[in-house]
Chemist: 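Questions regarding the structure given below will be posed in turn.
Here is how names work: the chains are called A, B, and so on, in the same order as the sequence lines, proteins then strands, and each is numbered from 1. These numbers were taken from a predicted model, which means no experiment stands behind them.
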Amino acid sequence: MRLSRYFLPILRETPKEAEIVSHRLMLRAGMMRQEAAGIYAFLPLGLRVLQKINAIVREEQNRSGAIEMLMPTIQPADLWRESGRYEAYGKEMLRIKDRHERDMLFGPTNEEMITEIFRAYVRSYKDLPLNLYHIQWKFRDEVRPRFGLMRGREFLMKDAYSFDRDQAGAVHSYNKMFVAYLRTFARLGLKSIPMRAESGPIGGNLSHEFIILADTGESEVYCHKDYLDFAVPGADVNFDNIAGLQGIVDKWTSLYAATSEKHDAANFAKLPADKQVSARGIEVGHIFYFGTKYSEPMKAVVAAGDGSEKPVHMGSYGIGPSRLVAAIIEASHDEAGIIWPEAVAPFHAAILNLKQGDAATDAACEQLYRDLSAKGVEVLYNDIDERAGAKFAASDLIGVPWQVMVGPRGLADGKVEVKKRADGSRELMSPAAALDRLSR
RNA sequence: CGGGGCGUAGCGCAGUCUGGUAGCGCAUCUGCUUUGGGAGCAGAGGGUCGCAGGUUCAAAUCCUGCCGCCCCGACCA
């Protein structure tokens with residue numbers, strides 16, 4: 001992409017409404033624009049990151065056996081009257097009337113709708129287990145939206161819903177998501193730690209929040225240091241191996257880990273002093289087993305095999321991709337701007353033409369741009385007629401992992417300079433070597 | 001929803017107390033000079049001063065009402 005033909009409205013100064021670093025950097029980097037409190041438009045650069053995140057989330061959901069679909073944002077109120085949540089949900093639910101005065105709502109979540117879809121088609125336990133998910137915009141009319149995308153009213157959520165014939169099956173479905181989440185966050189370049197959350201109606205430990213550590217995170221978390229070095233399950237993990245998955249989950253829940261709400265200072269103090277980690281974190285995922293809470297009132301039942309019909313056991317599993325955009329920035333930035341993990345970077349590399357208009361420099365940039373593009377490298381070519389300093393600052397701000405600086409000084413020796421955004425290291429090399437390095 | 005604050009050019013702000021030609025920096029446009037870490041000079045364009053009433057010869061400024069946004073708290077994926 002040529003910057004001169006792109007839409008990247010970089011701000012030199014920080015809009016005053018932005019308090020936390022991810023919000024500031026997203027606005028400055030031209031990633032998003034606020035349209036109302038807690039409601040944002042994604043600009044092209046922000047969308048690229050969001051889509052990278054979605055792709056990874058999707059791959060790991062699919063790998064675990066979940067099946068993608070897409071439910072609407074607008075839902076009929078009657079569905080929620082069946083579960084009793086239409087009255088219970090309160091003012092966080094955005095309620096709408098259509099032209100026929102029918103009660104509608106902008107979905108804050110989809111348990112009711114997925115249960116309705118399930119019961120319409122599935123009759124037999126033989127069709128289970130089933131896990132359906134979608135990635136769709138949600139709306140929760142928070143009293144006080146804040147922190148940019150971290151706590152918006154409209155947000156993108158991946159929500160999966162599992163259906164099993166009994167609790168044992170549901171636990172396995174839960175474990176699949178647990179492992180898929182470990183893999184997802186690791187691939188996003190994040191250290192995630194599962195922390196016990198409020199238990200479901202059946203009791204037990206079957207609700208976990210996935211917290212990523214970030215110095216500027218919103219909440220205090222406490223955990224055993226060894227979590228930071230736990231190996232994340234590989235891509236070859238067998239999701240059908242019930243005992244194997246349980247073993248992974250057991251390991252990842254064996255040590256102390258709690259958010260401030262569930263923190264038990266006395267138990268935490270029992271850990272060896274050098275193993276106590278007290279840090280700040282951001283919740284980026286939440287998984288939940290809730291049994292027959294919806295299947296029973298909404299009559300989502302299957303033939304159990306013994307002549308009877310039984311309500312299915314369900315769980316739901318959320319990840320917030322739009323929040324993750326902000327969370328990744330909170331976890332990965334410096335004074336100059338964003339430092340994207342390579343897996344989610346909007347572009348892999350940037351070419352900085354340090355002397356626009358100089359024939360040799362222009363030609364070298366054009367050639368490198370063509371060569372990188374031909375190799376499938378996502379590259380942003382800064383071909384704007386502005387000073388080198390401005391290009392350095394802009395590249396650092398938007399956080400592209402690799403910068404290739406091309407100018408007359410280096411070209412005199414047949415060299416360009418490749419800079420790694422993450423650590424600032426630079427290396428002089430030939431354009432051919434740069435091409436090789438960046439297209440690996 | 002309680003408490004606090006802010007709405008003046010695309011962004012950041014001054015001007016409001018004490019009413020009297022709407023300003024500054026950055027950005028944008030033109031020209032010249034510059035060109036390896038956010039250049040310099042000269043010039044230009046751009047504003048219903050959040051909205052609606054009211055007071056006044058005169059309102060960004062005073063009064064009343066409303067709207068929007070931000071921060072702290074309570075609450076939350």
Side-chain angles (χ1 to χ4, degrees), chain A residues 9-20 23-24 27-28 30 33-40 89-93 107-111 135-160 181 197-198 207-212 218-219 259-261 281-288 316-324 326-327 335-337 352-358 361-362 382 384-398 403-413 415-417 419 424 426 428:
Chain A
I10 286 177
L11 305 179
R12 192 162 168 170
E13 290 176 89
T14 304
K16 65 175 174 181
E17 73 267 18
E19 196 70 14
I20 64 166
H23 193 193
R24 284 204 303 268
L27 291 171
R28 286 200 55 213
R33 176 168 179 82
Q34 178 166 325
E35 295 299 336
I39 298 176
Y40 298 87
Y89 216 91
K91 300 191 88 170
E92 283 198 356
M93 177 184 282
T109 179
N110 285 66
E111 278 86 3
I135 300 176
Q136 177 63 290
W137 295 95
K138 304 291 190 290
F139 194 92
R140 294 183 191 174
D141 202 355
E142 298 277 347
V143 197
R144 190 187 155 206
R146 61 182 115 172
F147 304 146
L149 283 186
M150 293 285 281
R151 181 97 181 269
R153 291 193 291 172
E154 189 182 57
F155 56 97
L156 194 63
M157 183 158 103
K158 184 286 301 180
D159 39 327
Y181 276 34
E198 289 303 323
S207 179
H208 286 90
E209 294 178 351
F210 284 74
I211 306 285
I212 63 155
E218 54 188 347
S219 49
T259 58
S260 53
E261 301 90 58
I282 300 168
E283 180 186 349
V284 290
H286 197 161
I287 61 178
F288 213 98
S316 68
Y317 315 90
I319 290 180
S322 54
R323 166 180 274 197
L324 271 166
E335 283 300 305
L352 279 59
N353 185 328
L354 300 185
K355 190 163 186 179
Q356 203 73 39
D358 175 77
T361 306
D362 287 355
N382 190 335
I384 303 284
D385 185 16
E386 63 183 352
R387 298 172 71 85
K391 296 191 180 187
F392 295 139
S395 288
D396 286 347
L397 174 62
I398 67 174
Q403 300 170 12
V404 187
M405 291 169 275
V406 182
R409 196 179 292 174
L411 287 176
D413 297 326
K415 298 287 175 61
V416 298
E417 190 173 21
K419 172 181 160 182
R426 303 139 182 269
L428 283 169

Chemist: When the C1' atoms of rG45(B) and rG20(B) are compared, how many Å lie between them, rounded to an integer?
Modeler: 27 Å
Chemist: Considering only atom C1', compute the distance from rA14(B) to rC76(B) and round it to an integer number of Å.
Modeler: 39 Å
Chemist: Pick one: which of Arg151(A), Lys91(A), Arg153(A) meets side-chain hydrogen bond (donor to acceptor under 3.5 Å, both in side chains) with Glu142(A)?
Modeler: Arg151(A)
Chemist: If you look at every heavy atom in Arg323(A) and Ile282(A), which pair is closest and at what distance?
Modeler: CD-CG2, 4.4 Å
Chemist: Checking base pairs now: Watson-Crick or wobble, both atom distances under 3.5 Å. What partners rU30(B)?
Modeler: rA42(B)
Chemist: Examine the base of rG10(B) for any acceptor or donor lying under 3.5 Å from a partner atom in the side chain of Arg33(A), and report the outcome as yes or no.
Modeler: no
Chemist: Quantified in whole Å, what is the P atom distance between nucleotide rA58(B) and nucleotide rU21(B)?
Modeler: 15 Å
Chemist: Over how many whole Å does the gap from Gln403(A) atom CD to rG38(B) atom C1' extend?
Modeler: 14 Å
Chemist: Check the pair Gln356(A), Glu386(A) against side-chain contact (heavy atoms from CB on, under 4.5 Å), reporting the backbone distance first and the verdict last.
Modeler: CA-CA 7 Å; Gln356(A) 203 73 39; Glu386(A) 63 183 352; over 6 Å; no
Chemist: For Leu354(A) and for Thr14(A), locate the closest nucleotide of RNA chain B by heavy-atom distance; then report the residue assigned to the nucleotide nearer the 5' terminus.
Modeler: Thr14(A)
Chemist: Rounded to the nearest 0.5 Å, how far does CG of Asp385(A) lie from NZ of Lys391(A)?
Modeler: 7.5 Å
Chemist: Between rC26(B) atom C1' and Arg28(A) atom CZ, what is the distance in whole Å?
Modeler: 12 Å
Chemist: Lys158(A) near the nucleic acid: base, sugar-phosphate alone, or nothing, with a heavy-atom cut-off under 4.0 Å?
Modeler: nothing
Chemist: Now, which nucleotide makes the Watson-Crick or G-U wobble pair with rC66(B), with each of the two distances under 3.5 Å?
Modeler: rG50(B)
Chemist: Quantified in whole Å, what is the C1' atom distance between nucleotide rA9(B) and nucleotide rG15(B)?
Modeler: 15 Å
Chemist: What's the CZ-C1' distance between Arg387(A) and rU33(B), to the nearest Å?
Modeler: 11 Å
Chemist: If I take atom CG in residue Leu11(A) and atom P in nucleotide rC13(B), what distance separates them, rounded to the nearest angstrom?
Modeler: 13 Å
Chemist: Starting the side chain at C-beta, find the nucleotide from rG36(B), rG12(B), rG37(B) nearest to Pro15(A).
Modeler: rG12(B)
Chemist: Under 4.0 Å, counting only non-hydrogen atoms across every strand here, what does Pro108(A) touch: a base, just sugar-phosphate, or nothing?
Modeler: nothing
Chemist: Quickly work out the Asn382(A) CG to rG37(B) P distance and round it to whole Å.
Modeler: 15 Å
Chemist: Taking rC71(B) as the reference, what is the distance to rG10(B) when you measure between their C1' atoms (whole Å, please)?
Modeler: 24 Å
Chemist: Produce a footprint string for nucleotides 70-77 of chain B: one letter per nucleotide, 5' end first; B if the base is under 4.0 Å from any protein heavy atom, S if only the sugar-phosphate is, - if neither.
Modeler: SBBBBBBB
Chemist: Apply the test side chain to side chain donor-acceptor pair (under 3.5 Å) to residues Ser316(A) and Glu111(A): give CA-CA distance (whole Å), side-chain angles for both, the deciding distance (0.1 Å), then the verdict.
Modeler: CA-CA 8 Å; Ser316(A) 68; Glu111(A) 278 86 3; 3.1 Å; yes
Chemist: Considering every strand and a 4.0 Å limit on heavy-atom distances, what is the contact class for Asp396(A): base, sugar-phosphate, or nothing?
Modeler: base
Chemist: State whether Arg12(A) places a side-chain N or O below 4.0 Å from either non-bridging phosphate oxygen (OP1 or OP2) of rA27(B).
Modeler: yes
Chemist: Between rG36(B) and Glu417(A), counting only base atoms on the nucleotide and side-chain atoms on the residue, is there a donor-acceptor pair under 3.5 Å?
Modeler: yes
Chemist: Do Gln403(A) and Asp396(A) have side-chain heavy atoms sitting under 4.5 Å apart?
Modeler: yes
Chemist: Under a 3.5 Å cut-off for both distances, is rC17(B) Watson-Crick or wobble paired, and to whom?
Modeler: none
Chemist: For rG36(B), which nucleotide is its Watson-Crick or G-U wobble mate, given both distances must be under 3.5 Å?
Modeler: none
Chemist: What's the closest nucleotide to the side chain of Phe392(A) if the choices are rC1(B), rG37(B), rU34(B)?
Modeler: rG37(B)
Chemist: Just name whichever nucleotide pairs with rC76(B), Watson-Crick or G-U, keeping both distances under 3.5 Å, else none.
Modeler: none
Chemist: Using the P atoms only, state how far rC24(B) lies from rA42(B), rounded to an integer number of Å.
Modeler: 14 Å
Chemist: Which whole-number value in Å describes the distance from Gln356(A) CD to rG38(B) C1'?
Modeler: 16 Å
Chemist: Heavy atoms only: give me the nearest Thr361(A)-Leu411(A) pair and the separation to one decimal.
Modeler: CA-CD1, 3.6 Å
Chemist: Grab the CG-C1' distance between Asp358(A) and rG36(B) for me, whole Å please.
Modeler: 12 Å
Chemist: Would you mind pulling out the nucleotide paired to rA22(B), Watson-Crick or G-U wobble, both distances under 3.5 Å?
Modeler: none
Chemist: Quantified in whole Å, what is the C1' atom distance between nucleotide rG47(B) and nucleotide rA22(B)?
Modeler: 8 Å
Chemist: What is the base-pairing partner of rU55(B), counting Watson-Crick and G-U wobble geometry with both distances under 3.5 Å?
Modeler: none
Chemist: Please examine the side chains of Ile39(A) and Phe139(A), heavy atoms only from C-beta on, and report whether any two atoms are closer than 4.5 Å.
Modeler: yes
Chemist: How many angstroms lie between atom OH of Tyr40(A) and atom CZ of Arg33(A), to the nearest 0.5 angstrom?
Modeler: 11.5 Å
Chemist: Strictly distance-based, threshold 3.5 Å: is any side-chain N or O of Asn353(A) a donor or acceptor partner for the main-chain N or O of Asn382(A)?
Modeler: no
Chemist: Categorize Ala390(A) for me: base, sugar-phosphate, or nothing, with a 4.0 angstrom heavy-atom threshold over every strand shown.
Modeler: base
Chemist: Send over the distance from Arg24(A) CZ to rC11(B) C1', rounded to a whole Å.
Modeler: 16 Å
Chemist: Please report the distance separating the P of rG19(B) from the corresponding atom of rA60(B), rounded so that it comes out in whole Å.
Modeler: 13 Å
